[in-house]
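Counting from 1, the numbers follow the sequence of the chain as shown. None of the values given here were measured: they were computed from a predicted structure.
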Amino acid sequence: MLTSKQRAYLRGLGSNCPAIMQVGKGGVTENLIKTVSDALEARELVKLSVLENCGESPRDVLDKLCQALGADGVACVGKKIVLYRESEEKKSIILPK
């Protein structure tokens with residue numbers, strides 16, 4: 001669980017990075033969950049874009065991915081969502097206390 005200070009720090013980092021994946025009309029599928037999990041393990045902080053043709057709201061997508069991946073939702077602004085999960089091997093982001 002992230003503190004508000006940590007969430008604000010990660011939100012700042014996430015605002016500058018590009019969206020690396022898109023959630024389309026298929027919504028949250030097993031394939032998407034696996035891909036996002038691999039990206040979180042490599043990067044720890046991932047930004048996704050929810051397309052207009054997705055049948056779910058960006059907030060619903062964020063909640064489903066957080067629950068499926070054990071990740072923390074950092075931000076949900078417009079059609080962009082940002083997820084964070086600490087990597088087991090490579091800890092590249094050092095969070096403030």
**OP:** Starting at CD of Gln6, measure out to OH of Tyr84 and round the result to the nearest 0.5 Å.
**Re:**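 It comes to 8.0 Å.
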**OP:** Among residues two or more places apart or on two chains, list those pairs meeting side-chain hydrogen bond (donor to acceptor under 3.5 Å, both in side chains) that have a residue in residues 24-36.
**Re:**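 Qualifying pairs, neighbours excluded: Lys34-Asp38.
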Subject >> Where at least one partner belongs to residues 60-71, residue pairs that pass side-chain hydrogen bond (donor to acceptor under 3.5 Å, both in side chains), sequence neighbours excluded >> reply: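 Listed once each, the pairs are Glu56-Lys64, Ser57-Asp60.
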Original post:
Are Ile93 and Tyr9 side-chain neighbours, meaning at least one heavy-atom pair lies under 4.5 Å?
Top reply: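 Sidechains of Tyr9 and Ile93: in contact.
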Identify the heavy atoms of [X] and [Y] that sit nearest to each other, and give their distance.
X	Y	answer
Ala75	Leu62	O-CD2, 4.2 Å
Lys47	Gly14	NZ-O, 3.4 Å
Leu40	Ala71	CD1-CB, 4.1 Å
Arg11	Val74	N-CG1, 3.5 Å
Gly73	Cys66	N-SG, 3.3 Å
Ile33	Ala68	CD1-CB, 3.8 Å

Original post:
For Leu48, which of Val61, Ile20, Ile81, Val82 qualifies under side chain to side chain contact (heavy atoms under 4.5 Å, CB included)?
Top reply: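 With Leu48 as partner, side chain to side chain contact (heavy atoms under 4.5 Å, CB included) holds for just one option, Ile81.
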Original post:
If you look only at pairs with a residue in residues 74-87, which of them pass as a salt bridge (Lys or Arg N to Asp or Glu O under 4.0 Å), with sequence neighbours excluded?
Top reply: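 Counting only pairs at least two positions apart or across chains, the salt bridge (Lys or Arg N to Asp or Glu O under 4.0 Å) contacts touching residues 74-87 are Glu86-Lys91.
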According to a 4.5 Å side-chain heavy-atom criterion applied to Ile, Leu, Val, Met, Phe, Trp and Tyr, with indirect links allowed, do [X] and [Y] form part of one hydrophobic cluster?
X	Y	answer
Val23	Leu83	yes
Val50	Leu69	yes
Leu13	Val46	no

**OP:** State whether the number of non-hydrogen atoms from other residues, nucleotides or ligands found under 6.0 Å of Arg43 atom CZ is greater than 12.
**Re:**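 Open: at most 12 neighbouring heavy atoms sit under 6.0 Å from CZ of Arg43.
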Original post:
Can any side-chain N or O of Ser87 pair as donor or acceptor with the backbone N or O of Glu41 at less than 3.5 Å?
Top reply: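 Pair found, side chain donor or acceptor close to backbone of Glu41.
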